[in-house]
Protein chains: 2
Amino acid sequence: MATPLRKTPSKSDRKREVILAAALELFSRSGVDGASLDRVAERADVSKTNLIYYYPSKDALYAAVLNNVLSLWLVPLEAIDRANSPQEAIATYIRQKITFSRDHADASRLFCFEILYGAPVLGGRLRDRLQPVMDEKAAVFAHWIASGQMAAVDPYQFLYSLWATTQHFADFASQIEALSRRTLDDPAFFEESVAHVTALFLARIRP
Amino acid sequence: MATPLRKTPSKSDRKREVILAAALELFSRSGVDGASLDRVAERADVSKTNLIYYYPSKDALYAAVLNNVLSLWLVPLEAIDRANSPQEAIATYIRQKITFSRDHADASRLFCFEILYGAPVLGGRLRDRLQPVMDEKAAVFAHWIASGQMAAVDPYQFLYSLWATTQHFADFASQIEALSRRTLDDPAFFEESVAHVTALFLARIRP
DNA sequence: GTCTATATCCCGATAGAC
DNA sequence: GTCTATCGGGATATAGAC
């Protein structure tokens, strides 16, 4: 029984999760360098030495958190499927991504931090994991365009703009709050935002 | 002659500029906490004590850099003027903002860092300096909409999307480079990006 | 696995001579 | 204005007992 395949998470698995959650919370507010392991341990309610027992270094902890985040980040892309119409697919994608910006603002911010740093940890993963998905989605767009279902756009540029506008609600939340005094937690502002972004992209692809 | 109003910058003015430039460069790559005054001083070719003579604390230096950045950031907004047609104004704004993302990527990234941190330093300035300009521009949009020159959009949401898509080229440059292997320094990619973003927003406001 | 104690290093900032 | 020397604090990480 070298590597037991249990369905119920072990005690140490649960502890790792608690630590990861605490790390995400703090790293996403102050950046990696702005947050100390002391505070992460405190937040996770473990001793610092114990934390280091589970994650041998700060870099290792940071990398673990980031990999979790990347996985979450990829989920909404599944909506972009040739089985759907482009209008449905894009509307669904936008709603899911803005929902993600509301419910996982910390993950979005941490991702943004990492990219600002120049993607030192995630750089390779972007090519290994994101690039293939992106090429796949670009092919779906090409299919929709070729079959006259949507206007011709550069799929890469189109995806960049989709990411930018939807993540903006998480990454620039404090600016939006300073200027509009509104949050995605306000259901009216949430729906308003979804409607606005959806209208922006659907107008563009009208055949 | 208490405060001489000279046009030629004094030696100390020039030194302050060199320090600010070095601080911008380092803060925008690693965040404030990730960069040390030691390295800023080294980059600016002054001793650390001398740096501290000009800027008494790291926070003061950071605040000074940020205020510079905010001023730069506001410039392109001047294009949004009721004297122009909305199409001209928006196209001009987009080109200027993407040019800014190319030529001042470090300033854009530092701004992004500050917002991610929750705008601890710039928070007040956003209300004092950006909010009035934004309200003014919202009025211009309202005028264009009322006179049938553009389709009805929420001006605030519209500006957020404009900022998001254009700044994305600076803030997420390392992601774009990992996926597209292209940079705004490539004139073809630059023009392609301007054309894409412009088409996106002009399609939306078609009356 | 978890703890206490501690090594080691770097950072921001100050003191005081010149 | 600029320098050398240094303080004091906090950070990551390790050693070793239990």
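The chains referred to below are lettered A, B, ... by the order of the sequence lines, with proteins before strands, and numbering in each begins at 1.
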Item to complete: Return the value, rounded to whole Å, for the distance between atom NZ of A:Lys48 and atom P of D:dT12.
Response: 6 Å
Discussion item. Can a donor-acceptor pair be found, under 3.5 Å and without considering hydrogens, that links the side chain of A:Ser108 to the backbone of A:His104?
Written reply: no
Discussion item. Could you go through A:Tyr93 and A:Phe100, starting from their C-alpha distance and side-chain angles, then the distance that decides it, and tell me whether this counts as ring-ring contact (aromatic ring centres under 6.0 Å, His included)?
Written reply: CA-CA 10 Å; A:Tyr93 180 75; A:Phe100 184 85; over 10 Å; no
Item to complete: Would you please test A:Glu42 and A:Lys48 for salt bridge (Lys or Arg N to Asp or Glu O under 4.0 Å) and show each step?
Response: CA-CA 8 Å; A:Glu42 187 186 19; A:Lys48 184 171 55 167; over 6 Å; no
Discussion item. Nearest to the side chain of A:Leu37, heavy atoms from C-beta on, is which of D:dT12, C:dG12, D:dC3?
Written reply: D:dT12
Worksheet entry | Euclidean distance, atom CG of residue A:Asp45 to atom P of C:dT2 [Å, nearest integer] | 12 Å
Worksheet, complete the sentence: Here the distance between atom P of D:dT14 and atom NZ of A:Lys58, to the nearest Å, is 15 Å
Worksheet, complete the sentence: Per atom distances to the A:Ser12 side chain, the nearest of C:dG12, C:dG1, D:dA13 is C:dG1
Worksheet item: Reckon A:Lys11 touches a base, only the sugar-phosphate, or nothing at all at heavy-atom distances under 4.0 Å?
Response: nothing
Fill in: Interatomic distance, A:Arg14 CZ vs C:dG1 C1' [rounded to whole Å]
15 Å
Practice prompt. Grab the OH-C1' distance between A:Tyr53 and D:dT12 for me, whole Å please.
Written response: 19 Å
Practice prompt. With heavy atoms under 4.0 Å as the rule, sort B:Thr49 into base, sugar-phosphate or nothing.
Written response: base
Fill in: Whole angstrom value for the distance that separates P of D:dA13 from CG of A:Leu51
10 Å
Worksheet entry | Position toward the 5' end of DNA chain D (nearest nucleotide), B:Ser47 or A:Asp38 | B:Ser47
Worksheet entry | Mutual orientation of the aromatic rings belonging to A:Phe141 and A:Trp144 [parallel < 30°, tilted 30-60°, perpendicular > 60°] | perpendicular
Practice prompt. Check every strand shown and say whether A:Ala41 touches a base, only sugar-phosphate, or nothing at a heavy-atom separation below 4.0 Å.
Written response: nothing
Response to the item:
Checking D:dT12, C:dA15, D:dG1 against the side chain of B:Asn50 (C-beta onward), the nearest is D:dG1
Response to the item:
When rounded to whole Å, the OH to P distance for the pair A:Tyr55 and D:dA13 reads 15 Å
Worksheet entry | Atom-to-atom span, CG of B:Asp33 to C1' of D:dA11 - whole angstrom | 12 Å
Fill in: Selection from C:dA13, C:dC11, D:dA13 that lies nearest to any side-chain heavy atom of B:Ile52
C:dA13
Response to the item:
From the candidates C:dT2, C:dC11, C:dG1, the one with an atom nearest any side-chain atom of A:Lys15 is C:dT2
Worksheet entry | Identified side chain to side chain donor-acceptor pair (under 3.5 Å) partner of A:Arg109 from the options A:Ser174, A:Ser28, A:Ser101 | A:Ser28
